[in-house]
Number of protein chains: 2
Amino acid sequence: MREASLCRGADLALLETLRVGERILSPGMDLAFQGVNCANIYVVLDGWVCLYELMEDGRRQILQFALPGDVVGFRGDGEPLTYSAQSLTAVAACVIPWGRFLKAAHRNPELALRLSGLMARDGAMAYVHLTSVGRRTALERVAYLLLELFYRARTRFPVTRGDSIALPLTQSHIGDALGLTPVHTNRMLRELREAGIIELSQRTLRVINPDRLASAAGFEQDAGLPWLRPV
Amino acid sequence: MREASLCRGADLALLETLRVGERILSPGMDLAFQGVNCANIYVVLDGWVCLYELMEDGRRQILQFALPGDVVGFRGDGEPLTYSAQSLTAVAACVIPWGRFLKAAHRNPELALRLSGLMARDGAMAYVHLTSVGRRTALERVAYLLLELFYRARTRFPVTRGDSIALPLTQSHIGDALGLTPVHTNRMLRELREAGIIELSQRTLRVINPDRLASAAGFEQDAGLPWLRPV
DNA sequence: CGAAGAGTTGATCCAAGTCAAACGTTGTGG
DNA sequence: CCACAACGTTTGACTTGGATCAACTCTTCG
């Protein structure tokens, strides 16, 4: 398990010298908050974290779901974070003080390059989501997100059953990630369920037919899912 | 002018050793194409570039407008780009072969860290756009984008007149960046125009009242615009 | 001058939002 | 262990913001 991208292989030993500890969070706790200057980088080791932005009037946009191996809280400059992060499940995260990382990166350029790559990958995922929200229909968005989470979760968590994953999201979470209301999200899920493409209940997603889910997501045949790479 | 973030100050001399030349593009030319493995990083020196993603059926999502100082084409791994880039105006871009950059970054960790920071900033901007497209109304989105471009262009280009910038975008570009149709984009622009907040014609944007534009964009008083920082 | 592209406007439609009411599930405390 | 509360899901009826369709006009620009 736990094949975190910053924590794996040769980096692992190095990382051990950087971390000041592990933070354990119960579900629904804040890891970082928007507007606050975050002194640490967190590497998710276990569990689900969601990154989101809150508007003054309460509208919420979920920006990303961070899974084991993903980095949260890096901002390269002294600027405060523009987003918040909170745990959706019990979460274990590795805590790396920014200053300490900086020093290590000076000694070991590979580390900084690794971080660049992770940042670029996060950016690419954000772009993919932007396209989804901007240009896909509600049904396509839901299908696309489920497909993404299905594959990502399977590469990051121990697989219990081939066609199923634990999906610790409410329908509101899904809607907030896709720019939809919970009500409409529910209807789109029903459509996928009634088409026999997925099963979703008790926080478990079963993808009965990945191909049909992909085609519901609006692409002919896997034109390369960027997030399929295990990192 | 030309205060490119990777090209400025101490880095400038270093960069000169990395670049293999400058590419000059006329408007409407491709810098990079999605699906293609891009061997170079480009640093925009002058002009406007837009990054976009194209769906099989022709739907387009504009992901970002790159201005002088912005980096295009970096992907930290061997993966092909997920987006395309094309020039909106005449563009000058500095060409840096990826391999060469990699070697230099190994010698100079500061360079790799700088890149991490730029990547993180791009990601943060993508997140901000995601929130716009996912959670703002059409009018708010248009107002928000114009405000962003107004401030960014002013920090990146010589200011000709305090309240105006050259905005080389069609209304379709604006719509494609915001997940709107050209027709509806036009109506929202009319609304802002008729409210006396902006003037927009002949590729020139004049912001008559920045405060009202900000409030049309849907935030009380500047809760910190992430892209205001000159980098 | 003519053609192609970009902007403008009106009429109509529909995907998604809103409102409202049940119903299920979980968890907690008496 | 049950009851109730809080939260999440589901469904129906109705509304609406933005899309679509279809002219028509205004700019470029060759």
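We use all heavy atoms of the structure for the numbers below, so side chains are in, but hydrogens, waters and symmetry mates are not. We name chains A, B, ... by the order of the sequence lines, and we start the count at 1 in each one.
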Asks: Assign each of A/Leu169 and A/Arg135 to its nearest nucleotide of DNA chain D by heavy atoms, then name whichever residue's nucleotide is nearer the 5' end.
Replies: A/Leu169

Asks: Find out whether A/Arg141 and A/Met188 are in side-chain contact, i.e. whether some heavy atom of one side chain is under 4.5 Å from a heavy atom of the other.
Replies: no

Asks: Evaluate the ring planes of B/Phe157 and B/Trp48, with Trp represented by its six-membered ring, and classify them as parallel (under 30°), tilted (30 to 60°) or perpendicular (over 60°).
Replies: parallel

Asks: What integer distance in Å separates B/Leu167:CG from C/dG7:P?
Replies: 10 Å

Asks: Which one, D/dA19, C/dG10, C/dG17, comes nearest to the side chain of A/Leu180?
Replies: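 Ranking D/dA19, C/dG10, C/dG17 by closest atom to the A/Leu180 side chain puts C/dG17 first.
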
Asks: Within this structure, what is the CG-to-P distance between A/Leu189 and D/dT10, rounded to whole angstrom?
Replies: 8 Å

Asks: I want to check one thing: is the phosphate of C/dT9, taken as OP1 and OP2, less than 4.0 Å away from some side-chain N or O of B/Arg190?
Replies: yes

Asks: For the pair made of CD1 in B/Ile198 and P in C/dG7, what is the distance, rounded to whole Å?
Replies: 13 Å

Asks: A/Arg187 side chain: which of D/dA22, D/dA19, C/dT18 is closest?
Replies: C/dT18

Asks: Just N and O in the side chain of B/Asn186: are any of them under 4.0 Å from OP1 or OP2 of C/dT8?
Replies: yes

Asks: Please work out if B/Gly179 contacts a base, only the sugar-phosphate, or nothing of the nucleic acid, heavy-atom cut-off 4.0 Å.
Replies: sugar-phosphate

Asks: For a quick check of understanding: with a heavy-atom distance under 4.0 Å over all strands, which category does A/Thr137 fall into, base, sugar-phosphate or nothing?
Replies: sugar-phosphate

Asks: Could you tell me how far apart A/Leu178 (CG) and C/dG17 (C1') are, to the nearest whole angstrom?
Replies: 15 Å

Asks: Is any side-chain nitrogen or oxygen of A/Gln202 closer than 4.0 Å to OP1 or OP2 of C/dG24?
Replies: no

Asks: Between B/Arg203 and C/dG5, is there a contact of a side-chain N or O with OP1 or OP2 at under 4.0 Å?
Replies: no

Asks: Sort out for me which residue in B/Leu169, B/Leu149, B/Ile62 forms a side chain to side chain contact (heavy atoms under 4.5 Å, CB included) with B/Ile174.
Replies: B/Leu169

Asks: CG of A/Leu205 versus C1' of D/dT9: gap in Å, rounded?
Replies: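 Nearest whole value for this atom pair: 16 Å.
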
Asks: Under the criterion side chain to side chain donor-acceptor pair (under 3.5 Å), which of A/Arg60, A/Arg59, A/Glu53 is the partner of B/Thr131?
Replies: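 That would be A/Glu53.
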
Asks: Between C/dA16, C/dT9, C/dG17, which nucleotide has the shortest distance from any of its atoms to the side chain of A/Thr181?
Replies: C/dG17

Asks: Atom CD of B/Gln171 to atom P of C/dG5: distance rounded to whole Å?
Replies: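 To the nearest whole Å, that distance equals 17 Å.
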
Asks: Could you state the atom-to-atom distance from CG of B/Leu88 to C1' of C/dG5 in whole Å?
Replies: 16 Å

Asks: Using only modelled atom types and a 3.5 angstrom limit, is any donor from either the side chain of B/Arg141 or the base of D/dG18 paired with an acceptor on the other?
Replies: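 No.
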
Asks: Classify the side-chain pair B/Thr170/B/His173 by whether it contains a donor and acceptor separated by less than 3.5 Å.
Replies: yes

Asks: From D/dT10, D/dT9, C/dA16, pick the nucleotide closest to the side chain of A/Arg193?
Replies: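 Nearest to the side-chain atoms of A/Arg193, counting from C-beta on, is D/dT10.
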
Asks: Could you tell me how far apart B/His184 (NE2) and C/dC13 (P) are, to the nearest whole angstrom?
Replies: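 Those two atoms, NE2 and P, are 18 Å apart.
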
